[in-house]
Amino acid sequence: MRSLLGAAALAAALTSGLGAAVLMPASPPERVDAVPLTEAEVTPAAGTSLQGRVIVLDPGHQLGNGRFPDQVNRPVDAGGFDKPCNTTGTSTRGGFAEATFAWRVAVLVKRRLEDRGAQVLLTRGANRRDQWGPCVDERGRLGNALADGRRADLKLSIHGDGCDGCGAGFHVIAPESRPGWTDDVAEPSLAFAAQVRAALRASGLPFAPYVAGGDGLDVRGDLGTLNWSDVPVAMVELGNMRSRADARRMTSKAGQRRYADALVAAVVATLP
Ligand code: ZN
């Protein structure tokens, strides 16, 4: 792990996380403010080997979630509090589904990581209207216990945001440090999130102006996918699907490749 974070920023992140967790209620905890981080430089060497690495990719939602409301709305433990199993996700104004966007980017990232020798696990095996889930707790746990007794090295949850009238841009979400849940992975997860942010920024993409002070990074304790992970994890909202500018990129093959290339660069830069 390269040292990417200012010590003060990291300490503040961990301290605020612990402080919020002390009063952990039955309902989802409040979001904490984003942590300012120094910009990391992402310049992975071409051909860097990921041999022996195991990476979990979580393409958000499932295309058929809207057809299975009973299953998708069923409460599950999202980290010491209940939330719905999953949601339908958002879409562009033209109707291009977030589930499909996340799936296409995840498949591109998977191929690129496998080309470098990594083993890649997906939290869902298809993008289909006749399927739903899995639930966020299952997504969060995948990779915690591999068949050979190891854990995955990293987990990346891929999404697109849906915020009307909010503008364009991406943001990355790291798990808040919560005792018994994410306190063991919060620090490396924040470092991974910083690499994802840096890689997307290096690709010329703007920070979402409407989230957490507009610095492209948020820290949250209310997401089951992050809370359940025992391996370093980050979630990325690659763009705002309700923004015309982002929607154009997110629906195009070239745009999806651009996102995938940046995400692969972030993984390569994160794994020592
Ligand atoms: Zn989503």
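What you see is a predicted model, and the numbers here were worked out from it, not measured in a lab. Read the numbers this way: they start at 1 and go in the same order the structure lists the ligands and their atoms.
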### Query
Just wondering, are more than 12 heavy atoms of other shown residues or ligands nearer than 6.0 Å to CZ in R244?
no
#### Entry: salt_bridge(R112, D115) N-O dist < 4.0 Å
no
Under 3.5 Å, sequence neighbours excluded: what are the donor-acceptor pairs made by side chains of residues 130-137?
unit_1, atom_1, unit_2, atom_2, d
D130, OD1, R128, NE, 2.8
D130, OD1, R128, NH2, 3.4
D130, OD2, R128, NH2, 2.7

### Query
By residue and atom, what protein N/O/S atoms are less than 2.8 Å from the Zn ion (ligand 1)?
H61 NE2, E98 OE2, H159 ND1
Name every donor-acceptor pair, under 3.5 Å, that has one atom in a side chain of residues 202-213 and the other anywhere in the protein, sequence neighbours excluded.
unit_1, atom_1, unit_2, atom_2, d
S203, OG, R258, NE, 3.1
Y210, OH, D161, OD2, 2.7

#### Entry: Residues that R111 engages under salt bridge (Lys or Arg N to Asp or Glu O under 4.0 Å), provided they are two or more places apart
none
### Query
Is it true that a side-chain atom of Q195 and a backbone atom of A266 form a donor plus acceptor pair closer than 3.5 Å?
no
